Every structure is written in structure tokens, then in C-alpha cells.
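Some notes on the structure that comes next.
Keep in mind that this is a model prediction, so the values were computed, not measured. Letters go in sequence order (proteins before strands), and every chain restarts at 1.
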Amino acid sequence: MGGLNFKLMEKYAREIVEKAVRKLGITDIAAEFEVPREEKFGDLATPVALALSKVFRKAPRKIAEEIVSSIEERDVFDRIEIAGPGFINFTFSMGFLSSQLARLVREKETFIRKDVGAGQRVQVEFVSANPTGPLHLGHGRGAAVGAALSNLLEAGGYSVEREYYVNDAGRQVKLLGHSVFAKYQQLLGVEYPFPEEGYRGGYVEDIAKRVIEKFGSRYSETSFQQAADFFTDFSYKEMLGEIAKDLKAFGIGFDTWQSERELYESNEVEKAIDDLRHRRYLYEKDGALWFRATSLGDDKDRVIIKSDGEYTYFASDIAYHRKKIEKGFGEIIDIWGADHHGYISRLKAVIHALGYPPERLRVLLVQMVTLLRGGKPVQMSKRAGEFVTLREVMDEVGSDTAKFIFLTRRPDSHLEFDLEVAKEQSAENPVFYVQYANARIHSIFAHAREKGMETADLSDADFSLLEAPEEQRIVKKLLGYPMTFEGAVISHEPHRITFYLQELTGLFHPYYNRYRVVTEDAGLSRARLALCEAIRIVLNDGLGILGLSAPERM
RNA sequence: GCGCCUGUAGCUCAGUUGGAUAGAGCAACUGCCUUCUAAGCAGUGGGUCAGGGGUUCGAAUCCCUUCAGGCGCGCCA
């Protein structure tokens, strides 16, 4: 992968500058580069002379001059200038930019993507909502972020497994089964007390009705004791089916669904505990079995088996993460709601105790979502079964809109999701702004073909005809994509792609409005079509990573 | 009480890991459809980067502290 684009240019520029710096007698300094905010400061800039001013006790501008005068390689640059307090600004030559754009059009993904991962296997686990109720908006945020991160890492050369951990063991699913059982009895006219702390959402009744549809009154005379397994299994499987359906409608898919129950049945929980015991991280106290988490940075030791002999949730979590690691992933990423942040240190302690570097586990916290309607918080009570589901939000504002809202924020910032604002905006929503560019380009191509123009391979167009400042800006923005992309991959931050796409389309729309692509001038038309094609390539790459559709007509 | 996250334009949020005069969208106001799509474009206004101190050539960014909001701190899941 990889061509000689901005990213490589940065490397190249760094070598040139560092070579020049070495001539001044400094060998241990890394020259940093950035894309300047303002156009007049060129295409790449380095503040290295500022950093060196302290070492030499000289004015930074003087040092910059010395560096610049000892640079020999000047062909790809149009200008090398010193500005401000001592920045060195590089501006690429037209010829260089043209050749790079031609390669983008010809090589497509190969050119714009960087192979950061080198095939390393990564697992991303996300959503993993308990199958005891429908997905809510917070799950939606986790889903959007998890899917986008997975796509991003995959595009960045990692081999990614997307996993959903199914909590199908333990008290919660059983409580769901009990709730459904109670509803079932009530629907059949049998007096039956609803369980304390039971699930009260309307979906419980829906499941109970489905039991009646399929099995009639078969269980009306039995106790919950006797029917527990059936009701628990039936109920959580129904629920999981609904969850999977919602996720699919949201455009999210998984490679593996790891069952918690299966970890018990295959004795992996026991084996994991044995493993920790052999490594001397366990001890007994007050009739319970404890993990010595404090020896590895956690604030408290943690119970694995309670004094009544029951496993804690933590026990299966240990087995689960042990399994992940032993599947051979170089990196394990867990995406959690921020309310679980207290579990990070104990799980890292587990990884450490099992003999692996704790950094191999990366936990990405996704902050809470506050749902508003017209500025007022929507009352939600899980206990009373009153909450707005992801499904309802999708129906009301659309999945692309919802995803875009999730992906234009850093995961660790609190999110206010106002349904009214999201809906009001949907006419002028930023997501449509980005998608609209794609639709327009599609129209341009349809029009060009109607005029009998050849649009199949445009890489041989004469790019030097793209002289307008708007065109130059777009070309530079396009060639900057690999840098943004690589930065997003390395930092695991899909939202950088979202912002980039808004910036790119923010250059395209004004350009479209001001210039005609298809005109009587065949050569110029061809060059502009090629530019549009380049935009389309990058746009589709970014939209695909974010999990957003790229409609050809809007 | 302890720990984690957050505080940037009226609102919702970015800010390239310490760089140049802090940005975008929405909202407000004024114009632009006989053209490849007006879900668009052109223009105008909008800031004590929560407050204070420190680190240095340089801070929204790093350190300390105060304030405000959110979330955690079970032999619950």
C-alpha cells in the first residue's frame, strides 16, 4: 500500500530537514510537521527552528535560515519560506500535485490507505447489551463507534474480528424469564405475582404472547421452578433476535457472538480460575474465593466465587478475556459504557496476572447519552420499562443521521441527543451535506456520459489544467486524506474521518456552484471529471468506514 | 470522602497530541434556481477556551488548585 502522497512527503520533508539540522551539529531532534491552518503558510510546516533556538541560544529565524540554506532537494517544492517566529513552510509544486492526483485516480484505495496494522489481528467487542430488553440510544452510540472503529482498523490493514458478548448466564436473563412467566400466567387469567425488580417493559408481554401462540397454555399449571429453563431460554433468545434485528437495521454486523453460558459449559471458567490459582493470584477469605487485584494496581481485591458457591460476573469475565487473548489477538478492544469504567483496572490486572502485557487490552469508554426532546430530558426509567429505544430513534430521525451524530463527537464526551434538533436538522443535516456531494458527482458523470464523454479511466487527464484556486485547494485536501486516515487509525478515532469529510465536501459544494465540470472544452472537462472522481473515491472510502450510505441520488 | 470523564461562539461540537490571528454546523440577518440536483452557494455578526496559579521561546492542549455537571466506588449483573 501507499504512494508518494502527503504522508510520504512529510517523511521525505522530515529527512531533508533533519539532514540540514545535522549539519548544524544536532543529531537527536525530531522535526515535527503539520498541515498549517492557513493557506499562506504553505502545505507543510515545521517549527523545528523554534525548538532549536534554546539549544543554540540564537534567534529561531536565524536558525531557520541556516536550515533552509543547507537544504539541497528542492524539486518537489515550489517554495520554502520562513515565516512568523521561525516556522519553515513548504509549498509543493504543481507538477508534484498533478502526479499525485493522477495516482490517486488510478490506484484508488491502494493509494489513499495506509497499512498501519500489517495484518495484525485485533478484536473489537462492542454493544454486548444484556438480552433482557431492547437496545436504547446509548447502545446505539456504542454500536456506531464500535462498527466505525472496526471498519477503520480493517481499512488500516488490521485483521478485525467484531464480537458481541452475550450475557446469557446468570440472574438477569433468569429474571427476564420469570417476568415473562408472570405475564404469561396473567394473560391466561391465572393469578401470579410479578417478580420484585422484574422487567416491566411492554416487550415482556409481547414475548409472553409469543409463548402462548407457540405453546398455548401448556405451562399454566406449572410453577416457575419447573418452567424456568424454558422461559429463560425462550425469552432471552427472542430478545437477542430483536437486538440482532435492530442492529442489522442500523447497519451493524458482527463476526462472532460469544455466549457467556458456553464459557461455563466448556469449563473455561474453571480453567481460567485454575490458571490464576497456579499463578498464585487467588486466596480464600470468609468462605469466598478472591482475586488479588491489589497486587496489580486495582484498589480492591475482587471476589470470584461467593461464599454461597456461586460465581460472580467477574468470574466469567476472566474466562472471557483469557479466551480472547488465547485466540491470539495482538490487541483486544472492549467498548464499554462509561458507567463501567471502574472495571478497567481489575481486568487489566487479570490480563497481567495471566502473564500478558496489560496494554494488550484497550478499553474504549463511550460516554452517556442524554436524550432530549426540545431541550427537555426525556424521562427514562428502566425499572418501569419506560425508555426510548434505538429502534424508535432510527424510525424518527433515520439511521444515517443518528450515526453521524454519534460519529461527530469524541466518544469520551457526554452527548446530548435532542430528537427535535436531530429531526429539524434532517433537512439540513451535515450528513446529507456530505452525501449530497456524492449524489451531485454521480449526476455530473451521468451528464458527461450523455454528452458522449469517456469516463471509465480518467487517470490520463491533464491535471495541470486544474489551475483555479478552488481546484488547488481540493487537490491538496484530497492528498491530505492519507494523513488524516493514518492519524485516525493510530489514535483509534473514527470521528476524525467524519470531520475530514465535512471539510472536503465543504470545498466541493462551492466549487460545484461556481464552475461547470462538463463544458465544450473537452480537455478541461476531462481534468475536472478526474478531480470529481478523486473526490468520489475519497468520499466513498470515508463514508464506508463510518458505516454511512453513499446514495447516488437524493 | 476517593477515582474516572467533561467544561471552547446563543445551541451542538471539533481543535492534527505544545505552535502562527481559536474553527465548523445549527440558530439570526441579506441576496442567488432557464445551467452537471437549491439537502446547495455568496455575504454579515458572534469568544475572559469555567476561574486562578505554574512549567517555556510559545498553553484550549502539560502540572497544581478552586468551581460546575455526569458516572463509578457490592460476596449485584
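- Residue Arg440(A) contributes atom CZ, which lies 8 Å from atom P of G40(B) at whole-angstrom precision.
- Going from the C1' atom of G23(B) to that of A9(B) covers 10 Å, rounded to whole Å.
- If you find the closest nucleotide of RNA chain B to Phe314(A) and to Ile88(A), the one lying nearer the 5' end belongs to Ile88(A).
- As a whole-Å value, the separation of His509(A) NE2 from A24(B) C1' is 14 Å.
- A salt bridge links Arg373(A) and Glu396(A); the closest N-O separation between the charged side-chain nitrogens and carboxylate oxygens is under 4.0 Å.
- Regarding contacts with the backbone of C41(B), every side-chain N or O of Tyr515(A) stays at 4.0 angstrom or more from both OP1 and OP2.
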Heavy-atom contacts, protein to nucleotides 66-76 of chain B, under 4.0 Å, summarised as B (base), S (sugar-phosphate only) or - (none) per nt, yield ---BSBSSSBB
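- Annotation: of the two residues near RNA chain B, Pro411(A) and His442(A), the 5′-most nearest-nucleotide partner is Pro411(A).
- Looking at heavy-atom distances under 4.0 Å, Glu284(A) makes no contact with the nucleic acid at all.
- Across all strands shown, Lys40(A) has heavy atoms under 4.0 Å from base atoms, whether or not it also approaches the sugar-phosphate.
- In this entry the distance linking OH of Tyr433(A) with P of A38(B) reads 13 Å, nearest Å.
- Residue Phe499(A) places its side chain closer to C13(B) than to any other of G40(B), G19(B), C13(B).
- Backbone-only engagement by Pro510(A) is indicated by non-hydrogen atom pairs under 4.0 Å involving sugar-phosphate atoms exclusively.
- Looking at heavy-atom distances under 4.0 Å, Asn438(A) makes no contact with the nucleic acid at all.
- By the side chain to side chain contact (heavy atoms under 4.5 Å, CB included) test, Ser307(A) is found to be paired with no residue, residues two or more places apart in sequence or in another chain being considered.
- The pairing partner recorded for C57(B) is G19(B), the criterion being a Watson-Crick or G-U wobble arrangement whose two distances lie under 3.5 angstrom.
- Using a 4.0 Å cut-off, no side-chain N or O of Arg410(A) falls inside it from OP1 or OP2 of C13(B).
- Pairing partner, G40(B): C32(B), with both Watson-Crick or wobble hydrogen-bond distances short of 3.5 Å.
- For the pair Glu420(A) CD and C26(B) P, the interatomic distance rounds to 18 Å; values are reported in whole Å.
- Side-chain proximity of Pro430(A) to the nucleotides C36(B), G25(B), C5(B) is greatest for G25(B).
- Residue ring and nucleobase are not stacked for Phe87(A) and G19(B) under a centre distance beneath 5.5 angstrom and an angle between planes beneath 30°.
- Centroid-to-centroid, the aromatic rings of Tyr165(A) and Tyr320(A) come within less than 6.0 Å.
- Both distances falling under 3.5 Å, in either a Watson-Crick or a G-U wobble arrangement, place A68(B) opposite U6(B).
- Comparing C57(B) with G52(B), their P atoms are spaced 24 Å from each other, to the whole Å.
- Just one of Arg473(A), Lys476(A), Lys477(A) meets the salt bridge (charged side-chain N to carboxylate O under 4.0 Å, His left out) condition when paired with Glu39(A); it is Arg473(A).
- For the C1' atoms, the distance from U56(B) to C62(B) is 11 Å, rounded to whole Å.
- Nearest nucleotide to the side chain of Ser413(A), out of U21(B), U6(B), A14(B): A14(B).
- Residue contacts for Phe445(A): at a heavy-atom cut-off of 4.0 Å it reaches no nucleic acid atom on any strand shown.
- Taking the side chain as every heavy atom from C-beta outward, Gln367(A) and Arg141(A) approach each other to under 4.5 Å.
- Distances were taken from every side-chain heavy atom of Tyr436(A) (C-beta onward) to each of U37(B), C36(B), U21(B); the shortest belongs to U37(B).
- Ala448(A) comes within 4.0 angstrom of nothing in the nucleic acid, heavy atoms only.
- Between Arg302(A) and Asp317(A) there is no salt bridge, since no side-chain nitrogen of the basic residue lies less than 4.0 Å from a carboxylate oxygen of the acidic one.
- Between Tyr511(A) and Tyr515(A), a ring centre-to-centre spacing shorter than 6.0 Å is recorded.
- On the C1' atoms, A20(B) is 15 Å away from U16(B), given to the nearest whole Å.
- When the P atom is used for both C63(B) and G18(B), the distance is 10 Å, rounded to whole Å.
- Ser443(A) has a side-chain polar atom (N or O) that falls below the 4.0 Å cut-off from OP1 or OP2 of U37(B).
- The pair Arg536(A)-Glu533(A) meets the salt-bridge criterion, with a side-chain N (NZ, NE, NH1 or NH2) lying under 4.0 Å from an Asp/Glu carboxylate O.
- Rounded to whole Å, the distance from CG on Leu372(A) to P on C26(B) is 20 Å.
- Comparing the C1' positions of G7(B) and A14(B) gives a spacing of 15 Å, expressed to the nearest Å.
- Annotated as syn: U17(B), whose glycosidic dihedral is within 90° of 0.
- Applying the 90° criterion around 0 to the glycosidic angle, C67(B) comes out anti.
- Remark: Arg37(A) is not in phosphate contact with U21(B), judged by side-chain N or O atoms under 4.0 Å from OP1 or OP2.
- Looking at Phe291(A) and Leu282(A), their side chains come closer than 4.5 Å, going by heavy atoms from C-beta outward.
- Atom C1' of nucleotide A20(B) and atom CD of Glu34(A) are separated by 8 Å, given to the nearest angstrom.
- G19(B) and U61(B) have their C1' atoms separated by 11 Å, with the value rounded to a whole Å.
- Here the side chain of Ser491(A) is nearest to one of U17(B), U35(B), G25(B), namely U17(B).
- Spacing between atom OH of Tyr512(A) and atom C1' of C41(B) amounts to 11 Å, rounded to whole angstrom units.
- Rounded to a whole Å, the CH2 atom of Trp336(A) is 16 Å from the P atom of C4(B).
- When the C1' atom is compared between A68(B) and U8(B), the two are found 15 Å apart, to the nearest whole Å.
- Arg528(A) is listed as a side-chain neighbour of Leu466(A), based on a closest heavy-atom distance under 4.5 Å.
- Among the protein residues, Leu415(A) comes within range of the sugar-phosphate backbone only, with heavy atoms under 4.0 Å from sugar or phosphate atoms but none that close to a base.
- Here His495(A) lies in heavy-atom contact (under 4.0 Å) with sugar-phosphate atoms only.
- You'll find that the side chain of Phe41(A) is closest to A20(B), out of A20(B), C41(B), G25(B).
- Using a 4.5 Å cut-off on side-chain heavy atoms (C-beta onward), Leu152(A) and Phe485(A) make contact.
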